[in-house]
Amino acid sequence: YVIGFQKNFNEELPYDNEFTGLKDRIVIKFSHVVAENSPKGLAAAYFAQRVKEKSNDRIEIQVFPNGMRYSEATEVAALQRGEIQMIAPSFSNLNAIDPAWMVMDLPFAFKDQAEVDQALNGELGKRLSQTLDPYGMKGVAFWSNGFRQMTNNARPIRKPADFAGLKFRIQPSQVLERQFETLGASTISTPFNEIYHSLETRTADGQENTISNIFTKRFYQVQRYMTISNHSYLGYAVIFNKSYWDRLPSDAKLVLQEALEETTRWNKLKTYENANRLNQLQQTGDIKITYLSDDERKLWRERLRVLYPEFTPIIGSDLMDMIQGP
Ligand code: LMR
């Protein structure tokens, strides 16, 4: 799928987004594509609750989960038009606006969540957020999901050679496309809420995702094998329509900022849910789980290392220096 982005966006927003006084009730529509019981879905609900409490019911965050209103392909354009005021796309969905975001998709770029947090709380996070401004978007936080794992229907995957000839569903990202090509597989890019169907109909043999996404969207019903590879990271940029944000009354902005900070901290705790979800996945008995040995992981790393020199000219060596790498 292709994401609808428009640069230098400054269309007038509809009248109902105007604030005429500090006492106005404020309704913020927040659209996302994942399940309500996933780290992003839970964070969205927590954020809505904290905002409601902190604003004494003056500000309402209306959450639209599961891509019920907009898919990844249409949510950015809807945000720019002011139909919704808030989204939290995953990093891969922002590659199309600036190649800087590709750095987050590189396999084995981060050892663990702490390394990701350090990068996003520092210069890298600042540089990534800045790329949103020309698109009329304001980045206000980064939320986490966790590391990606591989699932497929053909065979347990341990070694790079096990990928040969398989087709994987990916998000629209050159890095992810090249990752699978380098492993001898092909790719097809589909919106998140079409994954189940494409696996069921064998349009794709496999896909990569976090444990919580695999569990909450029941991919285990249509996939036979899962490899715990933790090969790359899946996180989110929390984004407001910029002109909407800029025109919010300052006291409302303060409430939102405080609630965002609390939610971001809380979301970090919830990403550990991935461990519980792994137990639940195991209990379904529907999917055979393979754990990579250190030696096997090393083989993946060695094979995928070629992506680093390949993407350095696209991403820029200054940003590449901000991650640890394989
Ligand atoms: C995917 O499309 O696989 C995920 O990025 C969806 C999400 O937002 O977690």
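For ligands, and for the atoms within them, numbers begin at 1 and follow the listed sequence. From a predicted model like this one, the values you see are computed outputs, not experimental measurements.
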Per-atom filter on ligand 1: closer than 4.0 angstrom to a heavy atom of S90 are 5 (O)

Distance-only side-chain donor-acceptor flag, E53 / Q49, under 3.5 Å | yes

Residue pair Y70 / E83: nearest heavy atoms and the distance that separates them | OH-OE1, 2.5 Å

Would you please classify the geometry between the F219 ring and the Y196 ring as parallel, tilted or perpendicular, with 30° and 60° separating the classes?
-> tilted

Are any of the N or O atoms of N93 closer than 3.5 Å to those of ligand 1?
-> no

Which of the atoms of ligand 1 are close to E72, meaning less than 4.0 Å from one of its heavy atoms?
-> 2 (O)

Hey, is R169 one of the residues with a heavy atom under 4.0 angstrom from ligand 1?
-> yes

Classify the ring geometry between F147 and Y233 as parallel (under 30°), tilted (30 to 60°) or perpendicular (over 60°).
-> perpendicular

Output for pair (R301 CZ, L292 CG), nearest 0.5 Å, gives 10.5 Å

What atoms in ligand 1 come closer than 4.0 Å to a heavy atom of V33?
-> 8 (O)

Indicate, as side chain, backbone, both or neither, the part of N209 found under 4.0 angstrom from ligand 1 when only non-hydrogen atoms are considered.
-> side chain

Please check if W245 and V255 belong to a single hydrophobic cluster, counting links between Ile, Leu, Val, Met, Phe, Trp and Tyr side chain heavy atoms closer than 4.5 Å.
-> yes

Give a yes/no on ligand 1: does Q207 have at least one heavy atom closer than 4.0 angstrom to it?
-> no

Under 4.0 Å from any heavy atom of V34, which atoms of ligand 1 are there?
-> 6 (C), 7 (C), 8 (O), 9 (O)

Tell me, please: is E208 in heavy-atom contact with ligand 1, that is, under 4.0 Å?
-> no

The atoms of ligand 1 lying under 4.0 Å from a heavy atom of L234, numbered in the order shown, are 4 (C), 5 (O), 9 (O)

Under 4.5 Å between side-chain heavy atoms, hopping through other hydrophobics if needed: is there a path connecting I287 to I228?
-> yes

